[in-house]
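Everything on this sheet refers to the single structure shown next.
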2 protein chains.
Amino acid sequence: MPKTNIRTLAKQLGLSQGTVSKALKDSYEISAATKERVMALARKLNYVPNAYASSLRKQKSKTIALVLPEVADSFFSVAINGIESVAQKKGYHVLIYLTHENFAKEKAILNELKSGRVDGVLVSVARETKHPNHISALQTNGVPVVLFDRVLADTITAEVCTNDFECGYIATKHLIERGCRKIAYLSISKNLSIVNERLEGYKKAIREYELPPDKDLLITCNNSEGHNHAAIKKSLSSKNRPDGILASVEKLIITTYHVCKALHLEIPANVKVAGFSILPSAAILSPPVTTISQPAFEIGEAAAALLFKILEKKDHGPENTKIILPSALIIRGST
Amino acid sequence: MPKTNIRTLAKQLGLSQGTVSKALKDSYEISAATKERVMALARKLNYVPNAYASSLRKQKSKTIALVLPEVADSFFSVAINGIESVAQKKGYHVLIYLTHENFAKEKAILNELKSGRVDGVLVSVARETKHPNHISALQTNGVPVVLFDRVLADTITAEVCTNDFECGYIATKHLIERGCRKIAYLSISKNLSIVNERLEGYKKAIREYELPPDKDLLITCNNSEGHNHAAIKKSLSSKNRPDGILASVEKLIITTYHVCKALHLEIPANVKVAGFSILPSAAILSPPVTTISQPAFEIGEAAAALLFKILEKKDHGPENTKIILPSALIIRGST
DNA sequence: TTGAAAGCGCTAACAG
DNA sequence: CTGTTAGCGCTTTCAA
């Protein structure tokens with residue numbers, strides 16, 4: 001069965017391609033009767049327009065790309081929902097790419113996206129990413145970019161993120177007020193601005209309460225579960241072990257719990273734990289973990305909405321808009 | 001800056017479009033010298049081929065679609081990783097669509113995918129989906145489909161899933177051996193074959209141990225967290241409350257834990273809980289939850305690999321292959 | 001209100 | 001080894 005295309009329809013109806021094309025999109029130029037005939041046959045033959053022919057001709061793809069470090073993280077899974085819901089409403093398709101926190105891969109992916117395959121791109125950068133050059137390169141090619149959550153410092157890109165500095169501060173303050181004096185901060189990157197914002201908030205609280213700053217309390221984790229487990233274990237086994245832990249991402253909370261379990265350290269008696277996360281199981285962990293809970297769905301939604309705003313050029317110069325949505329500290333048993 | 005395309009390159013090099021095209025794909029017909037010149041200019045002008053022009057011409061898109069009920073579930077997030085890793089290796093792009101368990105949406109999405117936008121489709125069906133008609137329709141249109149995890153009974157589609165019947169049986173048997181006599185099964189659908197397979201395994205164990213079958217113990221949940229919470233709560237509050245619970249999907253485990261907490265029911269003393277899940281936090285819940293752990297990454301990988309096999313028509317008739325990967329019962333504190 | 005024709009950027013068959 | 005040419009299926013002037 002040969003695919004039915006516009007030509008097939010046109011031939012069978014004794015019309016020209018152009019007329020059929022216009023009829024299919026309900027153009028005002030076409031008579032109601034003709035439209036009816038065209039629609040009827042299209043339905044009958046189950047005509048589906050070829051997406052790429054149309055994209056090629058119109059130079060737009062009705063597709064956006066979503067570039068993520070990973071997907072097995074509650075934040076990102078929920079953010080995808082927000083993004084997808086907006087895209088679906090707009091009739092857009094979503095290409096998903098995972099960088100696995102790898103900068104080279106991220107760069108390669110963004111470079112490929114210059115191909116006209118997408119009209120715009122949403123990015124949450126990898127932990128290894130330091131410079132925005134690959135992002136600017138894409139923008140220079142006429143593909144708008146919106147960063148979300150994992151944004152880059154000092155870029156002129158549109159961005160949606162949360163109040164990381166403030167949350168780092170509030171969470172640390174909370175730990176201090178619950179009696180912690182040696183609070184470890186678990187980072188996943190030395191350069192990621194979001195992680196550093198949280199760290200700066202942490203430092204501000206430390207300063208404010210005049211706790212001794214301690215380099216050993218700043219633990220840089222990475223993408224290897226084994227490495228992270230070892231690093232946290234080392235810290236929690238040391239003589240000078242921390243009595244509080246602030247995890248900058250979800251998986252580090254889980255690793256910390258595992259380490260505490262292995263070392264028979266009681267949470268919160270021996271060490272208090274808080275972290276950035278929207279784990280649905282946060283409240284039923286043993287003990288329930290205090291979290292800084294990000295509005296993941298809303299961030300995804302806002303990022304997608306902003307991208308469409310740029311695509312539709314409604315607003316004047318939304319290319320540099322920065323949107324900040326607030327997170328909330330949810331205190332539970334671990335602190 | 002106008003986009004550089006093949007014509008631009010050809011003009012600047014004094015070559016024909018055809019030659020440039022061939023040179024770019026390293027065709028044996030082209031001299032090394034010419035290739036060098038073409039490549040050099042392409043690099044210099046940062047030439048990126050237009051994906052849609054090529055797709056239109058070759059009638060293939062180097063793109064697959066991934067149609068999922070949801071993404072905020074450990075199983076699906078990890079499966080995406082498996083799928084994406086295979087796709088990336090093959091140089092394919094991945095379009096992601098969420099049905100939110102809604103059949104009409106699933107149908108609409110699959111219908112759209114007849115547009116030539118993708119070369120193949122991976123589907124895990126919605127809880128509402130009963131018939132495979134919309135899937136066959138896509139296949140009839142020449143788009144191969146592979147179902148994974150949430151497969152459909154009695155289809156002639158390629159499928160990758162796990163040994164659900166056996167796992168339902170083993171998990172139920174385990175609960176019985178730990179002393180349960182009234183085991184509730186939490187379903188998310190009356191028609192989903194995967195859920196029913198698990199249920200049949202459950203029933204087999206019940207029969208084998210001659211426990212009284214009880215309709216009230218079969219609790220059908222749905223997509224509404226509120227409804228599920230209420231249904232489970234009602235059951236666990238009843239006089240005849242179950243002493244064991246088998247949850248057919250991850251989120252129902254979490255809901256069950258929340259309900260037990262609210263009702264002050266001790267797990268495992270008052271009620272034992274097990275469920276299908278690969279929650280990374282399973283071991284640090286309070287108490288750690290016994291799970292039937294599916295090889296999510298491998299399932300995703302296998303599904304994608306099977307799809308590519310079909311696309312490449314290597315094998316003879318893989319269109320009807322059924323692959324079953326085994327899950328494992330991981331016994332923890334909740335039972 | 002409809003038709004004719006050009007062309008989006010690329011590929012592939014065929015000719016030279 | 002390189003060039004010419006004819007589309008892939010659709011949209012969009014412009015003409016009728």
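Just so it is clear: chains get the letters A, B, ... in the order the sequence lines come, proteins before strands, and each one is counted from 1.
For the side chain to side chain contact (heavy atoms under 4.5 Å, CB included) with Leu68(A), the qualifying choice from Asp149(A), Leu122(A), Ile80(A), Thr99(A) is Ile80(A), the only one to do so.
Computed from coordinates, the Asn5(A) CG to dG7(D) P distance equals 14 Å when rounded to whole Å. Note: NZ (Lys58(B)) to P (dA13(C)) measures 12 Å, nearest angstrom. Note: CD (Gln17(B)) to P (dT2(D)) measures 16 Å, nearest angstrom. Across the protein-nucleic acid pair, Leu13(B) atom CG and dC1(D) atom P stand 18 Å apart, rounded to whole Å. Distance CG (Leu15(B)) to P (dT4(D)): 11 Å, rounded to an integer number of Å. We find that NZ of Lys25(A) is positioned 14 Å from P of dT13(D), with the value rounded to whole Å. The distance from atom CD1 of Ile6(B) to atom P of dC8(C) is 13 Å, rounded to the nearest whole Å. We find that CG of Asp26(A) is positioned 12 Å from P of dT1(C), with the value rounded to whole Å.
In this structure, Ser31(A) reaches the sugar-phosphate backbone alone: every heavy-atom distance under 4.0 Å involves primed, P, OP1 or OP2 atoms, never a base. Using a 4.0 Å heavy-atom criterion, one finds that Gln59(A) contacts the sugar-phosphate atoms exclusively. Base contact: Lys22(A) has a heavy atom under 4.0 Å from a base atom. Contacts of Ser55(B) with the nucleic acid, taken as non-hydrogen atoms under 4.0 Å apart, are absent. Nucleic acid contact for Ser54(A): sugar-phosphate only, since backbone atoms but no base atoms lie under 4.0 Å from a heavy atom of the residue.
Taking for each of Leu56(B) and Thr19(B) the nucleotide of DNA chain D with the nearest heavy atom, the 5'-most of the two is the partner of Thr19(B).
At distances below 3.5 Å, not a single donor-acceptor pair connects side-chain atoms of Lys44(B) with backbone N or O atoms of Met39(B).
Put simply, Arg7(B) has no side-chain N or O that comes within less than 4.0 Å of OP1 or OP2 on dG7(C). One finds a side-chain N or O of Tyr47(A) lying less than 4.0 angstrom from the OP1 or OP2 phosphate oxygen of dC10(D). Contact annotation: Asn50(A) does not reach the phosphate of dG9(D) (side-chain N/O to OP1 or OP2, under 4.0 Å). Between dT2(D) and Tyr28(B), no contact under 4.0 Å exists linking OP1 or OP2 to a side-chain N or O.
Using a 30° and 60° split on the angle between ring planes, Phe308(B) and Tyr92(B) fall in the perpendicular class, above 60°.
Taking the side chain of Glu29(B) as heavy atoms from C-beta on, and the options dA12(C), dT2(D), dC10(C), the nearest nucleotide is dT2(D).
Ionic pairing of Glu70(B) and Arg127(B) is not present here: no N-O contact between side-chain nitrogen and carboxylate oxygen is shorter than 4.0 angstrom.
When only modelled atom types and interatomic distance are considered, Asn5(A) and Thr8(A) share a side-chain donor-acceptor pair under 3.5 Å.
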